[in-house]
Protein chains: 2
Amino acid sequence: MPAKKIDEDYLMDRLTDVFRLHGYEGASLSRISQATGLKRASLYHRFPGGKEEMAEAVLKSADEWFTSHILAPLTGSGKPLARIQKMTKRLSNFYGAGRHSCLLDSLSIGEEDVAIRQHIEESFSAWLEALVRVALEAGLTPVMAKERAEEALIGIQGALVMARATGNTKPFLRILKNLPKLLTLDSK
Amino acid sequence: MPAKKIDEDYLMDRLTDVFRLHGYEGASLSRISQATGLKRASLYHRFPGGKEEMAEAVLKSADEWFTSHILAPLTGSGKPLARIQKMTKRLSNFYGAGRHSCLLDSLSIGEEDVAIRQHIEESFSAWLEALVRVALEAGLTPVMAKERAEEALIGIQGALVMARATGNTKPFLRILKNLPKLLTLDSK
DNA sequence: GTCTATAGCTTGATAGAC
DNA sequence: GTCTATCAAGCTATAGAC
């Protein structure tokens with residue numbers, strides 16, 4: 001009997017886990033093979049471009065999920081404050097309440113591949129722009145909106161680094177809780 | 001003529017660069033050899049425990065430098081505000097005005113070695129405690145001091161991640177500039 | 001203390017059977 | 001679409017000369 005095709009969603013999830021946890025260089029084909037249940041040759045059948053193509057596919061799928069599930073609510077209808085609160089809830093879920101690393105962070109360490117570097121930069125910028133937009137809608141000045149959006153992103157990334165380094169996820173949850181205020185009020 | 005001994009300070013600096021830039025798995029002996037000018041066998045003469053010992057030595061030397069040059073001014077004499085300002089200046093220099101990654105961040109990705117994980121956690125905690133102490137001296141309540149210290153650390157780490165991912169170091173410099181206020185004022 | 005040379009294992013990648 | 005078998009190149013680590 002022929003071996004069943006491994007579901008693509010499942011495959012991408014496991015692939016994402018490995019890159020998120022180990023970074024590009026640490027994501028060896030052995031680890032990927034073990035995590036996905038696919039042997040090396042099967043991985044190359046799915047991704048002829050090898051590891052580099054896998055990393056780009058992971059970035060692309062994460063991008064799509066993030067855009068539709070996290071950023072979409074930001075540009076939807078309703079009050080800016082309510083939209084931001086919705087985002088923070090989904091963000092908490094996305095990052096496992098602070099227990100998961102950010103893929104963009106993990107993949108940006110020691111990366112020499114230009115395409116991947118650029119993809120990371122673009123994903124970061126798209127996220128930032130979405131935050132700026134909602135802050136503007138909330139009534140902040142352009143200068144303040146940009147500053148607060150940067151601060152929001154920095155807070156999230158920094159708190160995830162701290163959680164990974166110390167195991168303490170509370171600061172991450174607090175940062176999320178304060179995001180609505182940060183992105184809507186014009187004074188701290 | 002016998003080959004001259006490579007200066008230890010120089011060796012540790014180059015070694016630190018490699019681990020900071022590539023993380024543990026990306027710091028191959030080839031890269032280390034090229035960066036330090038020492039061949040594989042010479043590296044094992046200096047570090048019989050191999051790569052793991054190199055990483056621990058790098059963490060130890062970074063710790064010592066950080067404690068004496070960055071954290072020491074925090075516990076010295078003078079007003080808390082002035083001490084914090086001194087720290088921010090040295091922090092900016094330490095991180096190349098935002099162009100360098102944090103060693104603790106780079107080494108915490110995908111690390112399975114317990115000793116290294118623990119070292120990272122302790123370094124993080126020591127840094128945090130120093131920040132809490134100076135915030136307390138500045139008159140903040142214990143609860144606020146801890147919160148602000150965490151926020152300071154998160155800001156620094158997050159801004160460094162952002163700088164690495166996007167190439168934009170301005171947010172990092174702004175975060176540093178706002179540290180004195182963050183750690184001394186009891187309202188934002 | 002540094003080097004050349006080498007060992008054995010793991011890596012990313014490919015060929016070809018089913 | 002998945003697999004086993006295989007490859008060359010890279011990896012960490014060691015032995016021994018100078």
Side-chain angles (χ1 to χ4, degrees), chain A residues 1-59 61 106-107 109-117, chain B residues 1-19 21-59 61 106-107 109-116:
Chain A
M1 108 185 144
K4 275 185 190 167
K5 177 173 180 176
I6 295 247
D7 177 67
E8 174 152 353
D9 286 347
Y10 174 82
L11 175 59
M12 291 308 300
D13 281 353
R14 298 287 76 72
L15 215 44
T16 304
D17 285 344
V18 179
F19 279 107
R20 209 172 30 74
L21 204 59
H22 295 97
Y24 187 83
E25 309 236 25
S28 67
L29 290 191
S30 304
R31 274 200 252 252
I32 293 174
S33 178
Q34 189 162 22
T36 60
L38 280 178
K39 300 293 182 186
R40 281 168 154 71
S42 306
L43 288 167
Y44 276 89
H45 178 75
R46 301 283 195 102
F47 307 96
K51 205 169 130 172
E52 186 181 326
E53 187 176 337
M54 295 181 211
E56 296 215 52
V58 159
L59 278 171
S61 94
S106 298
L107 283 183
I109 284 183
E111 195 51 69
E112 281 151 7
D113 186 297
V114 182
I116 292 179
R117 291 214 72 85
Chain B
M1 113 187 142
K4 277 186 191 167
K5 177 174 180 177
I6 294 244
D7 177 68
E8 175 154 350
D9 285 347
Y10 174 82
L11 175 59
M12 291 310 299
D13 281 354
R14 299 287 75 75
L15 214 45
T16 304
D17 286 344
V18 179
F19 279 107
L21 204 58
H22 296 98
Y24 187 84
E25 309 237 24
S28 67
L29 290 192
S30 304
R31 274 200 251 252
I32 293 173
S33 178
Q34 188 162 21
T36 59
L38 279 179
K39 300 293 181 184
R40 281 168 154 71
S42 306
L43 288 167
Y44 276 90
H45 177 74
R46 301 285 195 100
F47 306 97
K51 206 169 129 173
E52 186 181 327
E53 187 176 337
M54 295 181 213
E56 296 215 51
V58 158
L59 278 172
S61 93
S106 297
L107 282 183
I109 285 183
E111 194 52 68
E112 281 152 9
D113 185 296
V114 182
I116 292 179

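Convention: sequence-line order gives letters A, B, ...; per-chain numbering from 1. The figures here come from the full heavy-atom set of this structure, side chains too, leaving out hydrogens, waters and symmetry mates.
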Any B:S28 side-chain nitrogen or oxygen under 4.0 Å from OP1 or OP2 of D:dG10: no

Between D:dA13 (P) and B:R40 (CZ): distance, integer Å: 10 Å

Separation of D:dT12 P from A:E25 CD (nearest whole Å): 10 Å

A:H22 NE2 to C:dT11 C1', straight-line distance once rounded to whole Å: 15 Å

D:dG10 OP1/OP2 closer than 4.0 Å to side-chain N/O of B:S30: no

From C:dT14, D:dT14, D:dT2, nucleotide with atom closest to A:A41 side chain: C:dT14

Candidates C:dG12, D:dC3, D:dT12 - which lies nearest the side chain of A:L29: C:dG12

Rounded interatomic separation in angstrom, taking CG from B:D7 and P from C:dG1: 13 Å

Distance, nearest 0.5 Å, that separates OH of A:Y44 from CE of A:M54: 5.5 Å

Could you go through residues 27-34 of chain A and list every donor-acceptor pair under 3.5 Å that involves a side-chain atom there, pairing it with any protein atom two or more places apart or in another chain?
| from | atom 1 | to | atom 2 | distance (Å) |
| --- | --- | --- | --- | --- |
| A:S28 | OG | A:R31 | N | 3.2 |
| A:S30 | OG | A:R40 | NH2 | 3.3 |
| A:R31 | NE | A:G26 | O | 2.8 |
| A:R31 | NH1 | B:E112 | OE2 | 3.2 |
| A:R31 | NH2 | A:G26 | O | 3.3 |
| A:R31 | NH2 | B:E25 | OE1 | 3.3 |
| A:R31 | NH2 | B:E25 | OE2 | 2.5 |
| A:S33 | OG | A:L38 | O | 2.6 |

Whole-Å distance separating the NE2 atom of B:H45 from the P atom of D:dA17: 17 Å

Any B:S42 side-chain N or O less than 4.0 Å from OP1/OP2 of C:dG1: no

side-chain N/O B:Y44 vs D:dA13 OP1/OP2, d < 4.0 Å: yes

Euclidean distance, atom CZ of residue B:R46 to atom C1' of C:dT2 [Å, nearest integer]: 9 Å

Rounded distance in Å - CD1 (A:I32) to C1' (C:dA13): 13 Å

Value rounded to 0.5 Å, distance of CZ in A:R20 from CG in A:D13: 10.0 Å

Test item: A:M12 and A:D9 side chains (from C-beta on) under 4.5 Å apart, heavy atoms: no

Shortest side-chain distance from A:K51, nucleotide among D:dG1, C:dG12, D:dT12: C:dG12

Test side chain to side chain contact (heavy atoms under 4.5 Å, CB included) applied to B:H22 and A:I109, step by step: CA-CA 6 Å; B:H22 296 98; A:I109 284 183; 5.9 Å; no

Nearest-neighbour nucleotide for the A:K39 side chain, D:dT4, C:dT14, D:dT2 considered: D:dT4

Atom-pair distance (CG on B:L38; P on D:dT14), nearest Å: 17 Å

